Amino acid sequence: MDLMYKSTRNNEETATASQAILKGLAENGGLFVPERIPKLGLSLEELAEMSYQELAYEIMRLYFTDFSEDELKQCIVRAYDSKFDTEEIAPLVKVDDTYYLELFHGATIAFKDMALSILPHLLTTAARKNGVKNKIVILTATSGDTGKAALAGFADVEGTGIIVFYPKNGVSPIQEKQMLTQKGDNTWVVGIHGNFDDAQTGVKNIFKDRQTAEELSKLGYQFSSANSINIGRLVPQIVYYIYAYGRLMKHEGMEAGEKINIVVPTGNFGNILAAYYAKQMGLPIHKLICASNENKVLFDFFQTGTYDRNREFVLTSSPSMDILISSNLERLIYHLAGNDSEKCREQMEALAGEGHYTITEEMKKGLQDFYGGYTTEAQTKETISEIYKKTGYVMDTHPAVAAHVYQEHRRGSQDSIKTVVASTASPYKFTRSVMEAIDEKYSNMEDFALVDELSRLSVTVVPKAIEDIRTAPILHDMVCEKEDMLAIVKKILKKD
Ligand SMILES: *Cc1c(COP(=O)(O)O)cnc(C)c1O
């Protein structure tokens, strides 16, 4: 029997894994969730012995049950290969007394590569399985990292095209240059005058627009999503938490069954939700620590049970977390409500209407798995600088947000539980913020000079992803108003 997926807003709508991957979003704006979260099929001792690729197969086969063994293995082999600069794929590094799960060794040096290197293969396989003849057009809103990782994943993948929208003034110079230099005849990059939420809302509206879907289907196109709402991104992210646990057993002598904390610098709630799924599958996790930057809507939610997006949007030095509507939280809300799609839909409609909702006392009990914290801009800088001075390890702003929340949690709870911080970006991605945190004198230096200085300070090699864009030509220059996103999409596809 196949594991089926249901919409968080309508339990009547069901899909197989491959259909859910193809659609991205359910009919009425809901997200696909598995009807039950599978349990780990093997013992922790067995899982700990596996390579990343073997483990990926072992986990994904539990979720993507309508893929054949051969199909799934093909997807995994193509995804987790030499695009990653280490055979470990996701190495676990101990710094001081904390473990950093480095998720930035892929093509675009941020954790989005972990899922976006496999999504194009899952998607094209799913299309084949479902007899889809249309060309699949990926529409994506990005706060910086998803965009480049999705472009890199889909570039020149046959039968697909990709259009990425990003906030014109809301990403780092290196992030922008990474996207604007993207090669591939099937790639388009568009800056919008607006923030990430505007871009994400615009993309969601295009997905919901039936008339446009019909119009484009006649031209031989259908939309899909590479955003973290796609179940094809969520599931591959579960793998590395289990991998990290196995590394602790194998290299740190940890006993199977010992509980660990996981700290995740959070924006759209996708990465931490994957850790929550890992816990539900049976991975021994004590607390899921959700770290926010100054856009602390999730922190407030964990404190009060009220999610309220009506607030000032803050641009921070961890822009991939500058988000006020954390899309994937919808999946948690659905599970907290006892997989009740009616209740979930009501809450999400309240969020879309009044901009806030409050969960029931009963649902709040399920939040005990989580601990929410946040880090200010000043604390982010201090954390980078302190850890560098103490250990020589240079970390990016996003994991620094997480490291600080963890330090505070640890002081408060006095627990000495082994803790894994999801390290979501390489320090080479937001080099300016990182270097200015270490020493203000760097504020006058030019971007690539900073890159070389970082390499010297941290005694690490400049990643290929950065070397490649030093001299690469700009290939994209489209910019539009947030109201004009649909018009731009049509224009692109009619010309294609
Ligand atoms: C996307 C991203 C995040 C946030 O992850 P979510 O799954 O959206 O919560 C954190 N850090 C970096 C570097 C990212 O690119």
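These numbers were taken from a predicted model, which means no experiment stands behind them. Heads up: numbering here begins at 1 and tracks the sequence. Note that ligands are numbered from 1 as they come in the structure, with each ligand's atoms numbered from 1 the same way.
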- Would you mind listing which atoms of ligand 1 come within a distance below 4.0 Å of any non-hydrogen atom of A425? 13 (C)
- Task: Answer yes when D97 and R410 have at least one side-chain N-carboxylate O distance shorter than 4.0 Å, and no when they do not.
- Result: yes
- Query: Below 4.0 angstrom, N of the basic side chain to O of the carboxylate: do R470 and D452 qualify?
  - Reply: yes
- Where ligand 1 meets P265 - atom numbers and elements under 4.0 angstrom, heavy-atom basis: 4 (C), 10 (C)
- Message: Among F111, F430, F104, F269, which one puts a heavy atom closest to atom 5 (O) of ligand 1?
- Response: F111
- Examine G270 against ligand 1 and note whether any of their N/O atoms are separated by less than 3.5 Å. yes
- Would you please indicate yes or no on a ring centroid separation below 6.0 angstrom for Y245 and Y241? no
- Note on the structure: In ligand 1, the atoms that come under 4.0 Å of a heavy atom of T266 are 9 (O)
- What protein heavy atom sits nearest atom 11 (N) of ligand 1, and how far away is it? T424 OG1, 2.8 Å
- Query: Which residue owns the protein heavy atom closest to atom 7 (O) of ligand 1, what's the atom, and how far is it?
  - Reply: N271 N, 2.9 Å
- Query: Hey, is K429 close enough to D396 for a salt bridge, meaning N to O under 4.0 Å?
  - Reply: no
- Query: Do the charged groups of E386 and K390 touch, with an N to O distance under 4.0 Å?
  - Reply: no
- Task: Determine, for D369 against K279, whether the closest basic-nitrogen to carboxylate-oxygen distance falls under 4.0 angstrom.
- Result: yes
- Query: Looking only at N/O atoms, are H398 and ligand 1 under 3.5 Å apart anywhere?
  - Reply: no
- Among protein heavy atoms, which lies nearest atom 6 (P) of ligand 1, and at what distance? N268 N, 3.5 Å
- Message: So if I count the atoms of ligand 1 from 1 in the order they appear, which ones are less than 4.0 Å from some heavy atom of M321?
- Response: 10 (C)
- Query: Quick one: do K381 and E377 make a salt bridge, cutoff under 4.0 Å?
  - Reply: no
- Is the closest N or O pair between K112 and ligand 1 shorter than 3.5 Å? yes
- Y393 vs Y100, ring pair (Phe, Tyr, Trp, His ring centres under 6.0 Å): CA-CA, chis, key distance, verdict: CA-CA 11 Å; Y393 186 69; Y100 290 88; 5.5 Å; yes
- Query: Please state which protein non-hydrogen atom is closest to atom 4 (C) of ligand 1 and give its distance, to 0.1 Å?
  - Reply: G267 N, 3.6 Å
